[in-house]
2 protein chains.
Amino acid sequence: MSTLAMFHQVPGSHTAEATEGALCTNCHLKGICLPVDLKRQDVQRLDALKIDRRRVKERQHLYQPSDEVRAIFAVRRGTFKSGRRRQDETDHVTGFHLPGELLGLDGLAGHEHIGFATALDDAEVCAISHAQLTDLASGTPGLQRVIPRLLGREVVRQQELLALLRGKSVEERLAAFLVDISLRQQARGCSPTEIHLQMSRADLCSYLGMKLETVSRMFTLLQRRGLLVVDKRHVQIVDLEGLKLVIDPVRMH
Amino acid sequence: MSTLAMFHQVPGSHTAEATEGALCTNCHLKGICLPVDLKRQDVQRLDALKIDRRRVKERQHLYQPSDEVRAIFAVRRGTFKSGRRRQDETDHVTGFHLPGELLGLDGLAGHEHIGFATALDDAEVCAISHAQLTDLASGTPGLQRVIPRLLGREVVRQQELLALLRGKSVEERLAAFLVDISLRQQARGCSPTEIHLQMSRADLCSYLGMKLETVSRMFTLLQRRGLLVVDKRHVQIVDLEGLKLVIDPVRMH
DNA sequence: CGTAGAATTGACCGCGGTCAAGTCGCGTGG
DNA sequence: CCACGCGACTTGACCGCGGTCAATTCTACG
């Protein structure tokens, strides 16, 4: 039970990082980062984990393929792209990660990362080491389920993207992406209509499975229809409901 | 530590299911089902879990959307398809599961299944309940990592499919699928060249993100090239290396 | 200024979806 | 026994979406 001992200390008491105590309890992102039904006591126990903070500058990698897996990460500030490097050296983006979202869950499968995570702007992450994950697993019943939950969410997230790429036209895909970003911004208190895209068109087309020119064409198409106002990487959603209608067209056959 | 007590009993000793003792140790599928680096003692501890067996007949569901999540499953016999039901009532297949492979990991995200799993032929599964998963998490260090590992593998599996649908042509996708099945059959001691597809063309095209007619066309195309001999759902791979070359064409631009 | 990268726009065309007809195997019933 | 229907699969003709190639604009930066 020695691993549990650390849970019983008063948060922010006799540790060197006393000034950073109660990291999770005080974090404004905890509603996004953690499964919703976590009890307050459980969150307080998370504070006892001495979670490392790490800054990552724009265009720098948080991890790369074949890096040793040491931790999973939660974004505190900034935006990341994550994905996999194919054998032909081309990167395929499989996700964008806003503050409060997790990174590196695919690393849990083995000892080496098979993908990459890159900061799209100056960013900061919380790193939860493997040792700390083990502590979580040995913790109270409320905490034991945290890791499987988070990984389950990751699986679901991938399935959503899969469904997007399979059934939908390029226009529907871009609309779905914008609505998705809008909802995620809203979830963290940002405007659901004013979007500043941190990623390049190249990243976007890699993620959405289409060509750079097509992304461009679809932006202008949606703009022509009065759903968006696009100015480079700044996108203003004029008609959010109309955009949602684009995603699920009424197909009859 | 009470949850650990059951690990210390002798496998197959004083339990009602004595005749089924040492389920995992004696299972010929354990090399596929479990992470490879699991120690023999750890596998023996798994035997102490009273794992339920369950038969599922052809075309019957193992679980469906909105079913309560009670367990994850390992295929013992038969083949399953799994996927998600879209709001327009169409099913999208996201995976096929051969003996030794796991099912229902997406359910760990919440209390209700969001997808379905259906038997393609008469099948049998091992069901590992949530309570047993919790016991695993509290178990020895070797076992604590099992669940994150398996979920990590699931995430990776989805990423592979994602990459397949994104970058590849329909021809490359079908070739990749056949090579994948070939490798998985080989891993469980079956012939890597003689394949009997348990799934319909409709399931296949749903999985590969193309239309039924296109699947048919690609089968005949690969056959015309001398890579396959196709007879309904029986596929004989004539030139496995040639098939692998189809997957990764040398693109220069 | 000159150069490079990011983004947009246009012209062209091929892959793969759509529609339609045809084949094969199989169970059902007259 | 064949007729019939049904579902699974195949094959062919057509065409539209989106990829390819190329030119242009615009901003950033040295």
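Order of the sequence lines sets the chain letters (A, B, ...), proteins ahead of strands, with each chain counted from 1.
Rounded to whole Å, atom C1' of D:dG18 lies 12 Å from atom CD of A:E171. Between A:L197 atom CG and C:dT8 atom P the separation is 10 Å, expressed in whole Å. Atom C1' of nucleotide D:dC26 and atom CZ of A:R201 are separated by 13 Å, given to the nearest angstrom. Computed from coordinates, the B:H234 NE2 to C:dG25 P distance equals 16 Å when rounded to whole Å. Here the P atom of nucleotide D:dG12 and the NZ atom of B:K211 are 21 Å apart, to the nearest Å. Per the geometry, NZ belonging to B:K168 stands 21 Å off P belonging to D:dG18, to the nearest Å. Separating the CG atom of B:L221 from the P atom of D:dG12 is a distance of 13 Å, rounded to the nearest angstrom. Between A:L212 atom CG and C:dG5 atom P there is a gap of 14 Å when expressed in whole angstrom units.
Between the side chain of A:E213 and the base of D:dC21, at least one donor-acceptor pair of N or O atoms lies under 3.5 Å. In the interface, the side chain of B:R217 is paired with the base of D:dG12 through a donor and an acceptor atom under 3.5 Å apart. Counting distance only, with no hydrogens placed and no angle test, the side-chain atoms of B:R224 and the base atoms of D:dT11 include no donor-acceptor pair under 3.5 Å.
Panel note: side chain B:H92, backbone B:Y207; no donor-acceptor pair is recorded below 3.5 Å.
Phosphate contact (OP1/OP2 of D:dC17, side-chain N/O of A:T214, threshold under 4.0 Å): absent. For the pair A:T220 and C:dT9, the criterion of a side-chain N or O lying under 4.0 Å from OP1 or OP2 is met.
The nearest heavy atom of DNA chain D to A:V170 and to B:S200 marks one nucleotide each, and the one closer to the 5' end goes with B:S200.
Counted by atom type alone, A:E194 and A:H234 present one or more donor-acceptor pairs between their side chains at under 3.5 Å. Side chains of A:H97 and A:S82: a donor-acceptor N/O pair is present below 3.5 angstrom, by distance only.
At a threshold of 4.0 angstrom between heavy atoms, the contacts of A:R233 are confined to the sugar-phosphate backbone, with no base atom among them.
The local environment of CZ in A:R233 is crowded, with over 12 non-hydrogen atoms from other residues, nucleotides or ligands closer than 6.0 Å.
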| field | Worked check of salt bridge (Lys or Arg N to Asp or Glu O under 4.0 Å) between B:D180 and B:R184 | value | CA-CA 6 Å; B:D180 181 41; B:R184 283 154 75 184; 3.0 Å; yes
